[in-house]
Structures are given as C-alpha cells and as structure tokens.
2 protein chains.
Amino acid sequence: MNDQSTPSYRPLYQQIKEALVSRIVSGAWPPGTFIPSESALSQEYGVSVGTLRKAVDALANDHVVIRHQGKGTVVAMHDSDSSLFQFFHLMRLDGTRSLPISQVLLRERRSATVEEAKVLGIAANAEVVHIRRIRVLDEVPALLENLVVDAARFPALESEPQTLPNTLYQLYQQRFKQSVAKAEERLFAVAADAQDQKHLGVEVGSPLLEVRRIARGLQGEALEYRVSRCETQQHCYWNEL
Amino acid sequence: MNDQSTPSYRPLYQQIKEALVSRIVSGAWPPGTFIPSESALSQEYGVSVGTLRKAVDALANDHVVIRHQGKGTVVAMHDSDSSLFQFFHLMRLDGTRSLPISQVLLRERRSATVEEAKVLGIAANAEVVHIRRIRVLDEVPALLENLVVDAARFPALESEPQTLPNTLYQLYQQRFKQSVAKAEERLFAVAADAQDQKHLGVEVGSPLLEVRRIARGLQGEALEYRVSRCETQQHCYWNEL
DNA sequence: CAGTGGTCTAGACCACCGC
DNA sequence: CGGTGGTCTAGACCACTGA
C-alpha cells in the first residue's frame with residue numbers, strides 16, 4: 001500500500017515503522033540482533049505501547065522482523081528457515097520443498113544492457129556483476145539462473161568471496177548490508193535453447209518455465225535482476241492466492 | 001458471554017472471527033450487505049471494540065470483508081474491482097491488466113476422474129460439471145480453460161443459466177452461495193497439443209504456461225479445479241513476494 | 001523469577017461519509 | 001450533523017522464555 005497522495009496526515013505508527021526501518025537500514029540493528037523491547041521503544045518514541053506494537057506488527061508482516069513471544073523481536077536474517085522459502089517457490093510434485101545446491105558457470109563484471117540498467121535503476125553504461133549458475137535439486141539439474149546486480153552496490157562481487165554460497169541473499173545481507181525484502185516475478189513459458197540443452201539436459205525446443213525476478217531492498221530499491229529457467233517435469237512453481 | 005474455557009487456549013478475536021465467518025457462510029449476511037457496526041457487534045459479543053476490530057481486521061485481510069471508512073464494512077462481492085484481480089494474475093507485458101471475455105466450448109456433466117475426485121474431495125465416481133472455454137484478451141485468444149466442480153454443490157450448472165457470465169466466481173457466489181476465498185496454483189511449462197493449436201492458434205509443441213488452480217471456499221473446502229493453458233507472447237503471469 | 005511479546009479493556013479523539 | 005471506521009492511550013492480565 002503506497003499512497004503519498006495525502007501528505008497532510010500520516011498515522012503515527014506508519015512514521016514509527018519508517019523510523020524503525022531506517023534504523024535497520026543504517027546498520028544500527030544488524031540482522032540477527034534483538035531490537036529493544038516494546039515498552040522501551042514506546043518510551044523512546046513517546047507513544048503508547050499499542051501504537052508501537054502496530055508499527056512492529058507491520059514490520060513483522062513484511063518479514064523485516066520476526067517476533068518471538070517471551071524472548072523478543074529479532075531483525076530478520078536470510079538464513080532462518082522461515083525466510084529461506086519466501087523467495088523460492090519451486091516445489092516437487094508431491095508438495096515438498098527443499099533448497100537446491102548450485103554450481104557457478106560464469107561470474108564476470110561487465111557493462112549493463114539497456115534492459116538491465118532500466119530494471120536496476122542505474123546509468124545506461126554502468127557496470128554490473130553477472131553470475132550464471134545451475135542449481136541441482138535431488139541430484140537433477142533443475143534451474144539455470146542468470147542474475148545481475150549493480151557492481152557499485154556489490155563491490156568486488158565478481159571475484160570475492162572466492163566461492164559463492166548457495167543462498168546469495170544471505171551473502172548480500174552479511175557482506176554488502178543489502179537485505180532483500182520483497183520481489184516481483186513475471187513468469188513465461190519458453191522453448192529451451194542450446195544452452196538450456198547443455199546445462200539442463202533437455203531437448204532444444206522443449207518447454208521451460210522462465211521466471212524473471214526483480215529483488216528489492218527494504219526501501220524498494222532494485223537490488224538484483226534474475227532470470228531463471230526451470231524444467232517442470234519433476235517440479236512446479238507454487239503460488240497461493 | 002465469553003467463558004468457553006477451552007483446553008487449548010484460543011484468543012477471543014479468533015473465535016469471534018470464526019463466528020463472523022459462519023454467519024456469512026450461513027447466509028445471514030449475503031455478499032454486498034453491510035455488517036453491523038463495530039460498536040454494535042462488540043456489544044453483541046460482549047467484548048471490547050478493540051477485540052472485535054482485531055477479528056474484523058483479520059477478515060478484511062483475507063478479503064472476506066471490505067472496510068469503508070465513514071460508511072461501514074461490507075461482505076466482499078466477486079464483482080468489485082478490488083477482488084476481480086485477486087485470482088487473475090495474467091497481465092500484459094507493459095504491466096496493465098484487464099479481464100478477458102470468454103467463449104464456452106464445452107459444458108457437460110460427467111463422472112469425475114480419479115484426480116478430479118481427489119482434488120475436490122468427493123467420491124471416486126461422483127459427478128462433476130466440466131466447462132471448457134477460451135478466453136480472449138485484446139481480441140487475441142489468450143487462455144484455454146478447463147474446469148470441473150462438484151455437480152452436487154453446483155446443481156444444474158451444466159445447463160443453467162443458459163449463458164455463462166465472464167466471471168464465474170460471481171455466479172458461484174450469487175447463484176450457488178459458494179464464495180471462493182482463496183486458491184492454490186501450481187504452474188508448469190508444457191508443449192502445445194493439437195487442441196491448443198486449434199483454439200489458441202499456436203504451433204503444436206510450442207511452449208505454453210499451464211496453471212492448475214484449486215479454488216477454496218471460506219472454510220477451505222475445494223470448490224473448483226481449473227487447468228488453464230496460456231500463451232506468453234503477449235502476456236505473462238505476475239507474482240509479488 | 002523477571003522480562004518479553006500476546007491479548008483484552010474502556011475510553012478518547014480524528015477522518016470520513018452521507019444527509 | 002450523527003454514525004462509521006481509523007488512530008491512540010494507559011493500563012491490566014496472560015502465555016511464554018530463560019536464567
């Protein structure tokens with residue numbers, strides 16, 4: 001919900017939500033740390049607990065923060081089971097899900113294409129880091145991923161760390177202080193080309209599911225543009241409405 | 001009264017939410033009608049306004065009900081613009097969306113297949129109504145839909161009404177008192193067959209997006225099983241994470 | 001046990017709608 | 001103007017956690 005049409009009046013809890021987000025973005029509360037208790041925060045901001053709760057509720061709803069009754073509220077990390085599957089919608093035909101392991105095929109720094117620059121919101125000839133990898137599920141190549149990020153936002157990603165982790169968003173968060181908070185995906189059915197044949201072991205021309213994802217940070221900035229091609233004999237893309 | 005000392009603790013607002021849902025399901029508040037005001041309902045249930053609000057908030061979040069500040073809260077109808085697109089995730093490549101018009105190709109009553117019976121939760125040889133239609137977007141055939149519903153739950157749907165409306169969920173709600181509240185979709189990439197060629201005008205073997213949807217009612221019962229095949233040259237499937 | 005988040009209350013005031 | 005939902009308060013008690 002994003003209407004800035006009425007600058008006249010803004011609910012307190014929304015202002016506080018944004019204040020909390022910027023404190024997280026600033027690095028004052030790194031992922032994995034517990035934020036102050038609700039009563040402490042309500043005193044700090046000079047509002048009632050109920051109002052502060054509404055702000056934190058909104059953050060928890062956006063998966064920015066995770067509540068734990070009796071313990072406290074922790075800034076979401078991209079390695080907790082709960083958030084691992086937020087951006088991974090492939091599942092086996094029987095409904096079970098697990099994360100694929102990955103094998104990097106290409107990793108380079110180059111100029112952005114027109115499309116990439118537009119999606120990432122960077123200058124026309126700015127540099128990007130391009131990673132291509134294949135992801136293996138149940139010992140079968142399931143996904144061929146191509147992703148680009150702004151090289152200025154992710155410095156030296158083309159060479160460091162030497163080996164890339166399975167879950168890149170975790171790396172983005174820990175090494176580059178960039179948390180992926182939401183994403184938009186557009187899905188297409190496409191015909192496999194020679195590259196798909198080589199890496200996924202499918203016939204040229206056979207149908208593949210192509211997922212084009214724009215991953216965004218806590219404040220809506222585009223962080224990554226990712227195009228994945230997936231075989232849907234063993235797996236499918238799952239969605240709840 | 002609010003005693004109900006349940007063995008396992010359940011928050012009051014959840015109990016009230018369910019009470020409200022069953023009143024909607026029972027037909028006491030048909031879609032489109034305004035439910036009583038929050039203060040009236042809080043008195044009726046003997047709880048504070050805040051607690052009742054939390055119940056209604058949950059309903060609004062599930063799109064069961066729509067709030068209108070200054071007017072009241074209305075039971076969701078499947079013809080309001082806001083809910084029309086809840087279950088329709090196809091959009092043009094430029095991001096705009098509109099609803100397709102439809103043309104019925106087949107409409108019959110027959111025995112359920114094993115898969116259909118399992119999905120709909122009905123007996124192995126129970127009867128279903130099967131509707132096949134083609135949906136046209138921007139004057140181009142975009143979707144080939146096949147859907148089945150339990151014939152017992154939707155009596156005489158195979159023949160009445162004589163002409164089917166564009167938005168079937170509206171018909172389900174108005175004529176059969178069955179509101180689709182949520183759905184699960186599984187997406188696949190498939191190769192077009194002769195039937196797809198005939199109706200969508202694509203080459204046999206060309207890639208299509210297949211969407212298999214289970215539509216569920218207010219209390220989770222499977223109402224409809226729908227398999228759609230879609231051309232993704234002009235359109236794509238859109239999702240937000 | 002003290003401290004956290006989760007529920008619930010009773011009331012105040014504000015923004016909005018329709019008459 | 002009265003009635004609706006939306007915000008906010010101040011405080012109580014409950015359920016859960018960990019030392």
Side-chain angles (χ1 to χ4, degrees), chain A residues 1-20 24 29 32-77 80 82, chain B residues 1-20 24 29 32-77 80 82:
Chain A
M1 319 321 176
N2 37 357
D3 39 355
Q4 55 237 16
S5 51
T6 56
S8 52
Y9 174 70
R10 282 184 39 99
L12 247 186
Y13 69 90
Q14 282 187 20
Q15 304 177 33
I16 291 176
K17 178 189 175 187
E18 282 164 27
L20 296 175
I24 294 174
W29 297 328
T33 61
F34 282 85
I35 70 176
S37 75
E38 300 183 340
S39 60
L41 283 174
S42 66
Q43 281 196 333
E44 179 183 339
Y45 285 103
V47 300
S48 78
V49 219
T51 299
L52 188 121
R53 268 189 72 78
K54 229 180 155 176
V56 177
D57 281 344
L59 289 182
N61 207 49
D62 293 348
H63 306 103
V64 173
V65 116
I66 301 173
R67 292 170 165 291
H68 292 288
Q69 180 171 167
K71 295 173 67 179
T73 301
V74 65
V75 180
M77 277 195 302
S80 59
S82 53
Chain B
M1 308 323 256
N2 44 1
D3 1 30
Q4 282 272 346
S5 55
T6 56
S8 58
Y9 173 72
R10 275 174 55 87
L12 248 186
Y13 70 91
Q14 281 187 19
Q15 302 176 34
I16 291 176
K17 177 188 174 185
E18 283 164 25
L20 296 176
I24 293 173
W29 297 328
T33 62
F34 282 85
I35 70 176
S37 77
E38 299 182 341
S39 61
L41 283 174
S42 67
Q43 282 197 333
E44 179 184 337
Y45 285 104
V47 300
S48 78
V49 225
T51 300
L52 189 122
R53 268 188 72 78
K54 228 179 154 177
V56 177
D57 281 345
L59 290 182
N61 207 48
D62 294 347
H63 306 104
V64 173
V65 115
I66 302 172
R67 291 170 167 290
H68 291 288
Q69 180 172 170
K71 293 172 67 177
T73 300
V74 65
V75 180
M77 277 196 300
S80 59
S82 52

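Note that the coordinates shown come from a computational prediction; the quantities given were computed from them, not determined experimentally. Just so it is clear: chains get the letters A, B, ... in the order the sequence lines come, proteins before strands, and each one is counted from 1.
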(message) Give the residues of residues 57-77 of chain A touching DNA chain D, defined as any heavy atom closer than 4.0 Å, sorted by residue number.
(response)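 Heavy-atom contacts with DNA chain D come from A/Q69, A/G70, A/K71.
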
(request) Identify, residue by residue, the members of residues 33-43 of chain B with a heavy atom below 4.0 Å from DNA chain D, and return them in order of residue number, or none. (result)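 Within residues 33-43 of chain B, the residues near DNA chain D are B/S37, B/E38.
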
Rounded distance [0.5 Å steps], [atom1] in [X] versus [atom2] in [Y]:
X     : Y     : atom1 : atom2 : value
B/T73 : B/L59 : OG1   : CG    : 9.5 Å
B/L20 : B/L41 : CG    : CG    : 6.5 Å
A/N61 : B/N61 : CG    : CG    : 6.5 Å
B/D57 : B/K17 : CG    : NZ    : 11.0 Å
B/H68 : B/F34 : NE2   : CZ    : 6.0 Å

When the distance from [atom1] of [X] to [atom2] of [N] is rounded to whole Å, what number comes out?
X     : N      : atom1 : atom2 : result
B/R10 : C/dG6  : CZ    : P     : 17 Å
A/L52 : D/dG11 : CG    : C1'   : 16 Å
A/Y9  : C/dC14 : OH    : P     : 10 Å
B/K17 : C/dT7  : NZ    : P     : 13 Å

(request) Please report the closest heavy-atom contact between B/L12 and B/T51, naming both atoms and the distance. (result)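 So the two residues come closest at CB-CG2, 4.1 Å.
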
(request) Examine distances only and state if a side-chain atom of A/Q15 and a backbone atom of A/R10 form a donor-acceptor pair shorter than 3.5 Å. (result)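 Looks like yes, one N/O pair under 3.5 Å.
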
Check whether any side-chain nitrogen or oxygen of [X] sits under 4.0 Å from OP1 or OP2 of [N], and answer yes or no.
X     : N     : answer
B/T51 : C/dC8 : no
A/K54 : D/dT7 : yes
B/Y13 : C/dT7 : yes

(message) Run A/I16 and A/V47 through side-chain contact (heavy atoms from CB on, under 4.5 Å) and show every step you take.
(response) CA-CA 9 Å; A/I16 291 176; A/V47 300; 3.7 Å; yes

(request) Decide yes or no for A/I66 and A/M77: does some side-chain heavy atom of the first lie under 4.5 Å from some side-chain heavy atom of the second? (result)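 Sidechains of A/M77 and A/I66: no contact.
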
(request) Look at the side chain of A/R53 and decide which nucleotide, out of C/dG6, C/dT9, D/dT7, has an atom nearest to it. (result)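 Shortest atom-to-atom distance from the side chain points to C/dG6.
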
(request) Could you tell me whether A/V47 contacts a base, only the sugar-phosphate backbone, or nothing, with contacts defined as non-hydrogen atoms closer than 4.0 Å? (result)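 Answer is sugar-phosphate: A/V47 comes under 4.0 Å of backbone atoms only.
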
